[in-house]
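What follows is a short report on a single structure.
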Protein chains: 2
Amino acid sequence: MSTEKIKRDGTARRAERAAANRDRLIAAARAAFASQGYAAASMDELTAAAGLTRGALYHGFGDKKGLLAAVIAQLDGEMSARLAAARAAAPDAWSGLMAESVAYIRMALDPEVQRIMLLDGPAVLGNPSTWPGEQACLAVTIATLSQLHADGVIKPVDIEAAARLLNGAALTAALWVAAAEEPAAVLDRATLAFRTMAEGLLAPR
Amino acid sequence: MSTEKIKRDGTARRAERAAANRDRLIAAARAAFASQGYAAASMDELTAAAGLTRGALYHGFGDKKGLLAAVIAQLDGEMSARLAAARAAAPDAWSGLMAESVAYIRMALDPEVQRIMLLDGPAVLGNPSTWPGEQACLAVTIATLSQLHADGVIKPVDIEAAARLLNGAALTAALWVAAAEEPAAVLDRATLAFRTMAEGLLAPR
DNA sequence: TCCGTTGACATACGTCTCGTATGTTCCCAT
DNA sequence: ATGGGAACATACGAGACGTATGTCAACGGA
């Protein structure tokens, strides 16, 4: 057995365990932030729940804000994947955009998304429109709208502005649904009204 | 001079001074929350800037969250007044609704509104759609849309849902404008796109 | 006129939390 | 085998919040 193999085994094992610990910290943080809120979540309890101490946390994430950023990045990745899947399943670009928006609204039913991404995140990390994930999501919407405009499906309109407003309307609908006593019923009303308003962008045929 | 007059003078003066101190605390909190953010604002510095101590604060507002609620109530009142003025100056209901929305977007240029109402407020007090001021604002929008629907100006659509989506789109536009390097230019693009999208609600004539 | 009570604060204290500074252990390179 | 660095653990100090207690002016009743 060569020494290189041994070396690789050692480093790989070390890195593997470190990555596992990192994941456990993020998972514990997700649960704590979602259930208690960012401000009320204690780093001591959080790390203890993951079987570690604050030392690991500050070594890997810098500070509490860095941990929240990592949690949000993970959540954002999961949301992006689901949005892309919803869009890919649609027969054309416009219905893909609508499916994506409706999927976004549904996601806000998840308490983790609601509390971490919609309430605490903006207060701690600032305006969400500056987050990497949001920028990427917006870029996709802009690309879709550009294609729709080139195809003459939608009216001539400021593409970026329209993309942002669509996202914002979906976000508001999401918050409304999340706060409702009967989310299912409100979800239908919200998605229907969203479609109606979005169709304001469609070119008259 | 009757004893009653003396009594009333005493109580009046006491209440007057207490109310003044309350206003000074709210004003100091507005400045501190807007410039440093809710979490970073220290109650000691805050009250010292108002010439008082934390005792006055806890006596009058219960806790830090109560102080933020009072600040938000004051901001909300000022915003409602400006929105009502914008609506009243318009020639008809639809343009009143548009004027109101545009006025709302412009208000987000105010750092106090942006930081306190849009970022920290939701994190501390929860979903804004449950705040009294928002509920009142929404009720006005719903009334306007109901009238427009009765007059046949807008399509048949879920009134409450449409009102919420319009408000949400305006809010998003506001955040976009607030984060832009050149707010003036973005403001025009945002308002124009907002009008285009809102016109999706108008009935074909 | 005198005393008990209440409202409006000030002061002092205890507890919690965050961030940093300082070890400690394990693994790789030489 | 020995130095060095990564990945943590531990110990410490600094604020900040909320509460419990104290103080003073004003009001009400005897």
Side-chain angles (χ1 to χ4, degrees), chain A residues 1-26 28-29 32-33 36-71 120 123-125, chain B residues 1-26 28-29 32-33 36-71 120 123-125:
Chain A
M1 185 180 287
S2 75
T3 66
E4 296 211 342
K5 183 65 185 301
I6 295 176
K7 276 192 291 184
R8 277 221 322 250
D9 279 1
T11 40
R13 204 156 305 177
R14 260 170 66 91
E16 188 181 333
R17 212 183 55 189
N21 282 343
R22 183 186 163 87
D23 286 346
R24 293 173 62 188
L25 282 175
I26 292 181
F33 290 163
Q36 313 174 20
Y38 173 81
S42 161
M43 312 272 274
D44 274 320
E45 295 180 7
L46 217 166
T47 50
L52 297 167
T53 68
R54 283 215 321 282
L57 213 160
Y58 281 95
H59 178 72
F61 300 95
D63 59 356
K64 193 177 184 180
K65 192 189 294 189
L67 179 62
L68 177 64
V71 169
D120 284 334
V124 179
L125 302 180
Chain B
M1 185 179 288
S2 75
T3 67
E4 295 211 341
K5 182 65 184 302
I6 294 176
K7 277 192 291 185
R8 278 219 323 249
D9 278 3
T11 40
R13 204 156 304 175
R14 263 170 65 92
E16 187 181 334
R17 213 185 54 191
N21 282 344
R22 182 184 163 87
D23 287 346
R24 293 174 61 189
L25 282 174
I26 292 182
F33 290 162
Q36 312 176 21
Y38 173 82
S42 161
M43 311 274 273
D44 274 322
E45 295 179 6
L46 216 165
T47 50
L52 297 166
T53 70
R54 284 216 321 279
L57 214 159
Y58 282 95
H59 180 71
F61 300 95
D63 60 355
K64 194 178 184 181
K65 191 189 295 187
L67 178 62
L68 177 63
V71 169
D120 286 333
V124 179
L125 302 179

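Proteins come first, then strands; the chains are lettered A, B, ... in the order of their sequence lines, and each starts at number 1.
Distance from the side chain of T53(B) is smallest to dT11(C) among dG18(D), dT20(C), dT11(C). In the set dG19(C), dC8(D), dA12(C), the nucleotide with an atom closest to the side chain of R54(B) is dA12(C). The side chain of E45(A) sits closest to dT17(C) out of dA10(C), dT17(C), dA7(D). Considering only side-chain atoms of A18(B), the nucleotide from dA7(D), dA8(C), dC12(D) that sits closest is dA8(C).
Mapped onto DNA chain C by nearest heavy atom, L52(B) and Y58(A) fall at different nucleotides, with L52(B) at the one closer to the 5' end. The residue among M43(B) and G51(A) whose nearest nucleotide of DNA chain D is located toward the 5' end is G51(A).
Here dA16(D) presents its P atom at 16 Å from CG of L67(B), a figure rounded to the nearest Å. The distance between atom CZ of F33(A) and atom P of dT17(C), rounded to the nearest whole Å, is 13 Å. Residue L57(A) contributes atom CG, which lies 15 Å from atom P of dT10(D) at whole-angstrom precision. In this entry the distance linking CZ of R22(A) with P of dC8(D) reads 11 Å, nearest Å. Remark: P of dA10(C) and CG of L46(B) are 14 Å apart, rounded to the nearest angstrom. In this structure, the CZ atom of F61(B) is 14 Å from the P atom of dG18(D), given to the nearest Å. We find that CZ of R24(B) is positioned 16 Å from P of dA8(C), with the value rounded to whole Å. Between the C1' atom of dA26(D) and the CZ atom of R17(B) lies a distance of 11 Å, rounded to the nearest Å.
Looking at heavy atoms from C-beta onward, L68(A) lies in side-chain contact with Y38(A) at the 4.5 angstrom threshold. Inter-residue side-chain proximity for M43(A) and L57(A) is flagged as met; some heavy-atom pair is nearer than 4.5 Å.
Between H59(B) and dC9(C), a side-chain N or O to OP1/OP2 separation shorter than 4.0 Å is absent. OP1 or OP2 of dA8(C) has not a single side-chain nitrogen or oxygen of N21(B) nearer than 4.0 Å.
Residues F61(A) and L67(A) share a closest heavy-atom pair of CB-N, 3.8 Å. Closest approach of G60(B) and R22(B) over heavy atoms only: O-NH1, 3.9 Å. Here the shortest heavy-atom pairing between A123(A) and D120(B) reads CB-OD1, 3.6 Å.
Looking at heavy-atom distances under 4.0 Å, A41(A) makes contact with sugar-phosphate atoms alone, never a base.
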